[in-house]
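To find a chain, count down the sequence lines: A is the first, B the second, and so on, and within it residues start at 1. Just so it is clear, the model here is predicted, and its values are computed rather than measured.
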Amino acid sequence: MDLLNPTPPHPDLRVSIGPLSLANPVMTASGTFGYAQEFETLMNLRRLGAIIVKGISLHPRAGNPPPRIVESACGMLNAIGLQNVGVQRFIEEKLPYLGGLGVPIIVNILGDSIDEYREITERLAESSVVSAIEVNISCPNVKKGGVAFGSDPLMAAAVTGVVKEKAAVPVIVKLSPNVTDVTLIARAVAEAGADAVSLINTLIGMAIDLKRRRPALANVFGGLSGPAIKPVALRMVYQVAKSVQIPVIGIGGIESAEDALEFMLAGATAVQIGTANFVNPRASEDVVDGIGAYVIEEGLTSIREMIGALEIC
Amino acid sequence: MDLLNPTPPHPDLRVSIGPLSLANPVMTASGTFGYAQEFETLMNLRRLGAIIVKGISLHPRAGNPPPRIVESACGMLNAIGLQNVGVQRFIEEKLPYLGGLGVPIIVNILGDSIDEYREITERLAESSVVSAIEVNISCPNVKKGGVAFGSDPLMAAAVTGVVKEKAAVPVIVKLSPNVTDVTLIARAVAEAGADAVSLINTLIGMAIDLKRRRPALANVFGGLSGPAIKPVALRMVYQVAKSVQIPVIGIGGIESAEDALEFMLAGATAVQIGTANFVNPRASEDVVDGIGAYVIEEGLTSIREMIGALEIC
Amino acid sequence: MTQFQEKATVTRRELLSSDNVRLTFQSAKIASAAEPGQFVMIRVGAGKDPLLRRPFSIHQATAEGTLQIYFKVVGRGTAMLAGIREGDEVSILGPLGRGFQLTDSPVCLVGGGLGIAPMLFLATRLGERRSGQIHGRVLLGGRTRMEVEPLLGDFEQTGFPVLVATDDGSFGQRGFVTAIFSTLDLPPDCTVYCCGPEPMMASMAVLSRERHLHCQVSVESAMACGMGACLGCSRTARNGEYVHVCLDGPVFDAEDMAWTF
Amino acid sequence: MTQFQEKATVTRRELLSSDNVRLTFQSAKIASAAEPGQFVMIRVGAGKDPLLRRPFSIHQATAEGTLQIYFKVVGRGTAMLAGIREGDEVSILGPLGRGFQLTDSPVCLVGGGLGIAPMLFLATRLGERRSGQIHGRVLLGGRTRMEVEPLLGDFEQTGFPVLVATDDGSFGQRGFVTAIFSTLDLPPDCTVYCCGPEPMMASMAVLSRERHLHCQVSVESAMACGMGACLGCSRTARNGEYVHVCLDGPVFDAEDMAWTF
Ligand SMILES: Cc1cc2nc3c(=O)[nH]c(=O)nc-3n(C[C@H](O)[C@H](O)[C@H](O)COP(=O)(O)OP(=O)(O)OC[C@H]3O[C@@H](n4cnc5c(N)ncnc54)[C@H](O)[C@@H]3O)c2cc1C
Ligand SMILES: Cc1cc2nc3c(=O)[nH]c(=O)nc-3n(C[C@H](O)[C@H](O)[C@H](O)COP(=O)(O)OP(=O)(O)OC[C@H]3O[C@@H](n4cnc5c(N)ncnc54)[C@H](O)[C@@H]3O)c2cc1C
Ligand SMILES: Cc1cc2nc3c(=O)[nH]c(=O)nc-3n(C[C@H](O)[C@H](O)[C@H](O)COP(=O)(O)O)c2cc1C
Ligand SMILES: Cc1cc2nc3c(=O)[nH]c(=O)nc-3n(C[C@H](O)[C@H](O)[C@H](O)COP(=O)(O)O)c2cc1C
Ligand code: FES
Ligand code: FES
């Protein structure tokens, strides 16, 4: 080794989500990163721990009528209505590009019925590019499916069961925060075989256009995301990490390495960057840089030392 | 009438919370306005629709250890732990001053058991200064009582029943947002005889001090308030106003007349100003001014025209 | 299509009227990649509130790296941006979206209110293609003199004759710019470019169709990302499907959009 | 006790070191009502984030309405405040809290780091009471020269002799200001006034008790309202009960507080 020009220290940022090994704990949250290609000229996609794509359903969905988004204090509401190209076109048009990135690709799926979840999982099982499936049981935007699966432990377990049965890869279940006790749902899906849980999805909210005396969103309700929800997300991640044995992935208002590290202290093994991608398209890479620098500055042997390292007096 | 100097128009801002008539729909939220006297040199207390005082328990409470508050994005977390002087000292030391203001005084109460709620209501029934009771079944800060009463429809109804039985004045039940379906609780307390519901109390959240690797609050969890939670509050007020016949009082992130008017469009008969009192101690009076100006500018015959006037296409 | 997130320095701040501001940035990468009709997303403050970037049409851009936006103060974000000082830095994302299709045939550019913004860059590029031989006109409309006059000189420099209408008649012809358009004698191969308030664009779509003229409009919608990632900026197309303003637009064929009157 | 919410104009902005800023406001009502040891709550921005006001000790105040604060940039709020320009307006709430009890007996003022802030106003008032006959001293401590030197002249004007210690010895004696205090010969009726980092105040509490001197300290805590409305600013007293810094303090008898070492 050249002592005058030592190679820069390589922080050990590796984490495991069940059987899935990641180079670092930073993922992009579903629905906030398109199909990744949108960001290719703005950041280095290969630096990511994993990429989670926009939620995919069995059939294409047109989504909700506009307006679909509105800003709120330190946050935004969205009612995209799960617009997506459907699993078939996703596999044909999007997966080949994603497969070439050399980064684990996690496919977020949603369905209106248990059968749909099963069928979409079967279709994805044929692809070798998919590293894991994230099951959205929590999206508040469509009337059928979403809300019901995510707020009832039995239904949540049922969905988990069928996806797990058909999936060739690890299954992450994404939890809704719009429940009285999120640990009940987390325990139910863990018992049903989930390899990990991710949380939180958006809080159900609403905005009003005073001038027009109408809801600001055509859908009336929308999902609240961004820094505004971070305290709720952090609380739920902490509660769930204490209640289940499987890895927890923290989501909600994460903008910086500091935010990400707080979620890891609370018990998250990995994190997802959502709304921050809109504000700073390089946000996820910045978080990777930041936690690497932290590991070096603090002299940690690995980022894994941070997971659940919160001290309670 | 002097045509050259017409008296300025007096907007009709009166609203009724069940049997209680208010000069205007603006109240101060419990725990954010002390016992009102703190604000006397900073605003005109007599302009308020009603004053709601810090939550009172049967016995004095010391509250939680510090730190009790921490800021978050567009909001704050508090874990005051319901520190209060207890009903006896409240009646002796605080009520006389409040009684002299000529503004309806609403006492926010809390208890660890049904018996405590009953007893404190009996004590307050002796006072002629109390215009209404607001029952806090939702405070997330103490282990006993709070959470359980507010998240279970049967318990919520039971508390409402005993308070209603003993109260000499209208009873408002204050709902927690930390539930899967807030309309279930609202309907339960309405059936149990509540004269009105108010919502939302704080969302349960958490913050972490990365440097110390500890929770930022000694209590670990705290209640999230401020502009950050407004979309959630607005959504729940809209849902509850559609589900019950009794008046709904909107709370959550209200800082301006525009915010207040949005809650009224969503179905609120009145509103409460909370965290905004800390940022601008005159906030509640500013809201009274602002909605008065709005009624005049829009040529409304009364502010009551706004209640639930949201148009859904 | 390469996009950049650039820290750009404000080199000039012009208050063109009480509400309307023009900012000039040094933004080498974005300016040199920009095409007329494209837009940028700008962070208006350093904090978390307002959270989202704000979209602005590219008002002017040069290969040397000068980028301009021209905007009206309508809310918190634009107020913060208007308060910026020369020498300050802002984060700009761009160039974004699909711009105007340029043509060598005759053209008619119609800008109303703040819809004037993208027309200057467009007129400049179209003028350059035509050097000397100008077949076209620029129509500018505003509520009042101050919404148009400060920009007149810049438009005249592009070589196109400029016609003006104001609602209050304080400058140019009294009335809507669409009225001028209706009286113009335009060749059948004339391309119409339009940006302005919704009702104006809706009228221009109808007027152009009646005259069998190809009309391109630059439309708006609420946006979060500006780059196709959120799917928030949808608008309803004529066939009932949703298009995304940041990706499929902001410039569309007027024929392809659904208009409400 | 009357308090005011006042729109105050920044009349002077002094960068006393790379991190430390002194702002002078014209704030007629608050300045003329202020007492040494009291504080103000300042809105650092116009938006919703950061949401809460920030507390600052009153560094100096005059009957003519001049109000000063002296602060260190430690986070977002103080960074925003440091970026303010002369002529800008901010909303100030004050004067708040219970200040120092003034005395005519001998005094010893001890300020460490940003704890120097309230000592200037205190020294000024104590100096005025004593006109000519000074029985007292001011001790100032900082990490390095730039934390103390820029304020030295102002303290000397109060008439008190000033002794200085810096951690790195770049100005005055090397070491902690508490070391100077230990070596001083103080009369038994001397009142000690202290403000600084927690460990320093804890030491001063012990050192004062050992010498049977009455010590008043100005402490901090997280605050939302600054006026007794939120009950958020609690601290644990020696007897285990909670006191509220904004209402019962920020100045307390050192004896009454619980100190952690
Ligand atoms: C592709 C595109 C290009 C644009 N180009 C320009 C331009 O060149 N010059 C210019 O002045 N403006 C332009 N706009 C509009 C500009 O983005 C908005 O005026 C700005 O985002 C408002 O921000 P704000 O924080 O000041 O207002 P807010 O506080 O967010 O809102 C204030 C008011 O403005 C309305 N508003 C908010 N966003 C928009 C929007 N996107 N379109 C219309 N109304 C809106 C709101 O409904 C509200 O009534 C463009 C918009 C788009 C989508
Ligand atoms: C009564 C009182 C008087 C004060 N007087 C002065 C003064 O004269 N000069 C001065 O420079 N500062 C003073 N402070 C401290 C000052 O209020 C904080 O430095 C300021 O609020 C930090 O705001 P921020 O947004 O920059 O930091 P934040 O971004 O809120 O926090 C940044 C860092 O500062 C710490 N911090 C935040 N608030 C406080 C606080 N209240 N006390 C200590 N650390 C804090 C945080 O833990 C964090 O590590 C006083 C505090 C109180 C309670
Ligand atoms: C515009 C938008 C679209 C989203 N679409 C999806 C989706 O398709 N599937 C899903 O599970 N979550 C979706 N989410 C939720 C995010 O993945 C994330 O859980 C949430 O936004 C909270 O994280 P944040 O605060 O970092 O944005 C969406 C969020 C936004 C803002
Ligand atoms: C510091 C603080 C103390 C509070 N104390 C009480 C209380 O004693 N009883 C109660 O019912 N709600 C209490 N609340 C909740 C508020 O009354 C209100 O419901 C909540 O803060 C949401 O409104 P806001 O966003 O306008 O603050 C408290 C809130 C804060 C911030
Ligand atoms: S603004 Fe996000 S997809 Fe268009
Ligand atoms: S800061 Fe609110 S009571 Fe002290």
Which residue out of A:Ser72, A:Pro65, A:Ala228 racks up the most heavy-atom pairs below 4.5 Å with chain C?
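When all of A:Ser72, A:Pro65, A:Ala228 are compared, A:Pro65 has the most.
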Which one, A:Gly226, A:Pro67, A:Gly34, leads in non-hydrogen pairs under 4.5 Å with chain C?
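That would be A:Gly34.
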Does [atom1] belonging to [X] count more than 12 external heavy atoms closer than 6.0 Å?
| X | atom1 | value |
| --- | --- | --- |
| C:Arg143 | CZ | no |
| C:Phe176 | CZ | no |
| C:Glu198 | CD | yes |
| C:Lys29 | NZ | no |

Can you tell me how far the [atom1] atom of [X] sits from the [atom2] atom of [Y], to the nearest 0.5 Å?
| X | Y | atom1 | atom2 | answer |
| --- | --- | --- | --- | --- |
| A:Ile80 | C:Ser234 | CD1 | OG | 7.0 Å |
| A:Phe33 | C:Cys230 | CZ | SG | 13.5 Å |
| C:Leu231 | A:Asn84 | CG | CG | 9.0 Å |
| C:Ser91 | A:Arg282 | OG | CZ | 11.5 Å |
| C:Leu51 | A:Cys74 | CG | SG | 7.0 Å |
| C:Gln5 | A:Asn280 | CD | CG | 4.5 Å |

Pick from C:Met41, C:Glu241, C:Arg53: which one has the most heavy-atom pairs with chain A under 4.5 Å?
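The answer is C:Arg53.
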Tell me, do [X] and [Y] make a side-chain contact under 4.5 Å, heavy atoms counted?
| X | Y | answer |
| --- | --- | --- |
| C:Met223 | A:Phe278 | no |
| A:Val279 | C:Lys48 | no |
| A:Pro66 | C:Thr236 | yes |
| A:Pro281 | C:Leu93 | yes |
| C:Gln3 | A:Glu40 | no |

Are the side chain of A:Arg68 and the backbone N or O of C:Cys233 linked by a donor-acceptor pair below 3.5 Å?
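Absent.
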Without swapping roles, check the side chain of A:Glu71 against the backbone of C:Pro50 for a donor-acceptor pair under 3.5 Å.
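Looks like no, no N/O pair under 3.5 Å.
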Using heavy-atom distances under 4.5 Å, tell me whether [X] contacts chain A through its side chain, its backbone, both, or neither.
| X | value |
| --- | --- |
| C:Arg235 | backbone |
| C:Tyr242 | side chain |
| C:Ser221 | neither |

Mind listing the closest non-hydrogen atom pair of C:Gly228 and A:Glu38 along with its distance?
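Nearest heavy atoms, C:Gly228 then A:Glu38: O-OE2, 3.7 Å.
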Please flag which part of [X] lies under 4.5 Å from any non-hydrogen atom of chain C: side chain, backbone, both or neither.
| X | answer |
| --- | --- |
| A:Thr275 | side chain |
| A:Gln37 | neither |
| A:Tyr35 | neither |

